Amino acid sequence: MIASEYAARAAGLVEHVVETQLPALREAASMVAASIAGGGVLQAFGTGHSRIVTLELAGRAGGLVPVGMLAVKDLVMFGGEDPAAILDPTYERESGLAGRIYALARPRPQDVFLIVSNSGINAAVVEMAHLVRDRGHGLVAITSLAHTRSAAARSTDGPRLADLADVVIDNGAPEGDAAIELTPGVRIGAVSSLTGVLAAQILTELVCRELLELGERPPVYLSANLAAGDEHNRMILERYHERVRPIEP
């Protein structure tokens with residue numbers, strides 16, 4: 001018997017992703033594999049806690065090398081923005097951020113984008129989705145359909161992330177993300193990071209398998225904590241010179 005309600009919910013959500021999202025994950029994997037085989041990079045963007053999922057994809061032992069992690073902090077690290085400007089947790093609602101982040105990344109036409117947002121409603125992710133579509137990139141979304149379609153969601157104008165993506169992967173999170181009601185008005189147990197990371201790892205596996213079917217050796221990282229790791233990673237990264245930024249330590 002599971003003593004934790006969160007553990008029980010987590011097990012159910014893992015089952016949800018595996019049973020219902022594999023078709024979408026396979027479709028996304030085909031897009032990404034074709035991009036990588038054609039010299040492209042997977043550009044992964046998220047704000048807030050959704051960055052956990054993009055970080056799982058970028059610079060990860062056993063993960064794909066051609067993954068660029070895009071984030072609001074790029075405006076500081078690569079764009080000269082004052083760090084104080086991005087400390088407001090509602091900054092992701094500001095219009096105009098997406099275009100600046102996109103420009104700093106300098107994507108190529110064959111790149112595919114993965115945008116992660118539980119709500120799918122904030123300006124940074126919606127504007128990035130519009131920009132990606134307008135530039136002709138393929139677009140995969142990981143989002144909560146329950147939240148983005150909920151009448152309780154914060155009101156915004158225009159489409160949501162799920163309305164703009166070529167492929168939508170539902171993370172199964174409830175509206176508001178917190179899955180456990182301890183007492184009326186007190187909810188805990190956010191689940192979107194858990195299911196988002198699961199989706200990211202399944203996507204990585206499926207992309208690598210598709211690359212093998214295409215006759216391509218999957219370009220994946222070896223742990224830097226193995227003796228051969230640094231040299232292995234250096235040699236692969238040479239193929240993506242200036243296309244993939246290092247993640248922070």
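Just so we're clear, the structure is a prediction, and the values are computed from it rather than from any experiment.
The CZ atom of Arg60 sits 12.5 Å away from atom CE of Met69, with the distance rounded to the nearest 0.5 Å. Note that CG of Leu114 and CG of Leu139 are 8.0 Å apart. Values are rounded to the nearest 0.5 Å. The structure places NE2 of His16 at 4.0 Å from CG of Asp170, a figure rounded to the nearest 0.5 Å. In this structure, CD on Glu27 lies 12.5 Å from CG on Leu206, to the nearest 0.5 angstrom.
A salt bridge links Glu81 with Arg100: the closest approach of a Lys/Arg side-chain nitrogen to an acidic carboxylate oxygen falls below 4.0 angstrom. For the pair Glu175 and Arg149, the salt-bridge criterion is not met [side-chain N within less than 4.0 Å of a carboxylate O]. Ion pairing between Asp177 and Arg187 fails under the 4.0 Å rule for side-chain N and carboxylate O.
Partners of Arg26 by side chain to side chain donor-acceptor pair (under 3.5 Å), not counting sequence neighbours: none found.
Here the side chains of Leu22 and Ile202 are in contact, with some heavy-atom distance below 4.5 Å. The side-chain heavy atoms of Phe113 and Leu70, taken from C-beta on, include a pair separated by under 4.5 Å. By the 4.5 Å heavy-atom criterion applied to side chains, His130 and Leu164 are counted as neighbours. Ile52 is listed as a side-chain neighbour of Val197, based on a closest heavy-atom distance under 4.5 Å. No side-chain heavy atom of Thr195 sits less than 4.5 Å from a side-chain heavy atom of Gln21. No side-chain heavy atom of Thr54 sits under 4.5 Å from any side-chain heavy atom of Phe45. Taking the side chain as every heavy atom from C-beta outward, Ile101 and Leu75 approach each other to under 4.5 Å. Residues Leu214 and Leu212 form no side-chain contact, since every pair of their non-hydrogen atoms from C-beta on lies 4.5 Å or further apart.
Considering all non-hydrogen atoms of both residues, Thr148 and Arg160 come closest at O-NH1, 3.0 Å. Across every non-hydrogen atom of Leu211 and Pro218, the tightest pair is CD1-CA, 4.1 Å.
The side-chain hydrogen bond (donor to acceptor under 3.5 Å, both in side chains) contacts involving residues 211-235 comprise Glu231-Arg234, Arg234-Glu238, where partners must be two or more places apart or lie in separate chains.
The backbone N or O of Gly96 lies less than 3.5 Å from a partner atom in the side chain of Glu127, making a donor-acceptor pair.
In this structure, Leu25 is a member of the same hydrophobic cluster as Val67, with clusters built from ILVMFWY side-chain heavy atoms closer than 4.5 Å.
Using a 3.5 Å distance cut-off with no hydrogens or angles, the side chains of Glu210 and Ser30 do pair a donor with an acceptor.
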